[in-house]
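The block underneath contains the structure these notes are about, expressed in structure tokens.
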Amino acid sequence: KALEKKVAHLGRHEEMYRKEITKQRERLMGIEILAPANFRAENMGIFIDAGHLPLIYIKNDGSIEQIKTEGIAMGLSSPLMFEKNVQVKEFNVNKGEILVLYTDGINEAMNDSKEEFGMERLIFTLKDNKDKSAHEIMGSLSDEIYKFTGGVDQSDDMTAVIIKCV
């Protein structure tokens, strides 16, 4: 209920958000997942973090913003505790800008020297490819990680969602 109140001000999209939040909560409670929600309406972005990594927001001017919310991981507490602690961040999104969601397997990918790919390389790769399509950015990121790791087997999942605003 608290989460629903926090997104209530979004007007005509409110019912869609409520249904999606309820569906996600019921379907996924008790399972640790990458669970940020990202909605775009009329140049507004909304980010709800369930205890995971910050959203990377690449603006048209090339500047980077990491959007992080406070809260606890979904599924590690009661639904009431989660809802009381969830935080919603709003920001403006413009055509051509990029939003990136990722698991820690991306920035923590290791080479044979046990060196991590890291946030600096991740952000550089995203920024260097910002003028490409989302599909091409994903391909470039995948290529860079593979080149860095040298094909070494990884111990964690590597998941990224790249959204280019159109």
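The model shown is predicted, which means the values in this text are computed figures rather than measured ones. By convention here, the first residue in the shown sequence is residue 1.
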Which heavy atom in Glu108 sits nearest to a heavy atom in Gln154, and how many Å separate them? O-OE1, 4.5 Å
Rounded distance (nearest 0.5 Å) linking atom CD1 of Ile145 with atom CE of Met110: 13.5 Å
Just wondering, do Asp104 and Leu53 contact through their side chains at under 4.5 Å, heavy atoms? yes
Nearest heavy-atom neighbours spanning Ala160 and Met138: O-CE, 3.1 Å
Where Ile98 and Val100 come nearest, the two heavy atoms and their spacing: CG2-CG2, 3.8 Å
Can you name the nearest heavy-atom pair linking Met158 to Ala109, along with the distance? CE-CB, 3.7 Å
Leu122 and Leu141, any side-chain heavy atoms less than 4.5 Å apart: yes
Hey, could you give me the CG/NZ distance between Leu126 and Lys132, rounded to the nearest 0.5 Å? 11.5 Å
With a 4.5 Å heavy-atom cut-off, do Leu101 and Leu55 have their side chains touching? yes
So which atom in Lys95 and which in Asn60 form the shortest heavy-atom distance, rounded to 0.1 Å? O-ND2, 2.9 Å
Output all residues satisfying side-chain contact (heavy atoms from CB on, under 4.5 Å) with Asn111, sequence neighbours left out; order by chain, then residue number. Ser113, Glu115, Phe148
Asp153 atom CG: more than 12 heavy-atom contacts under 6.0 Å: no
Could you give the distance from CD1 (Ile58) to CG (Asn129), rounded to the nearest 0.5 Å? 9.0 Å
Take Glu144 and Arg121 through the test salt bridge (Lys or Arg N to Asp or Glu O under 4.0 Å) and record every step on the way to the result. CA-CA 9 Å; Glu144 288 301 314; Arg121 282 186 188 88; over 6 Å; no
Out of curiosity, Asp156 CG to Thr103 OG1, how far, rounded to the nearest 0.5 Å? 6.0 Å
Would you say the side chain of Asn107 lies within less than 4.5 Å of the side chain of Phe117, judging by non-hydrogen atoms? no
Pairwise distance NZ(Lys147) to OG(Ser140) - rounded to 0.5 angstrom: 8.5 Å
Between Glu97 and Asn94, the two heavy atoms sitting closest are OE1-N, 2.7 Å
What distance do Ile137 atom CD1 and Lys164 atom NZ have between them, rounded to the nearest 0.5 Å? 5.0 Å
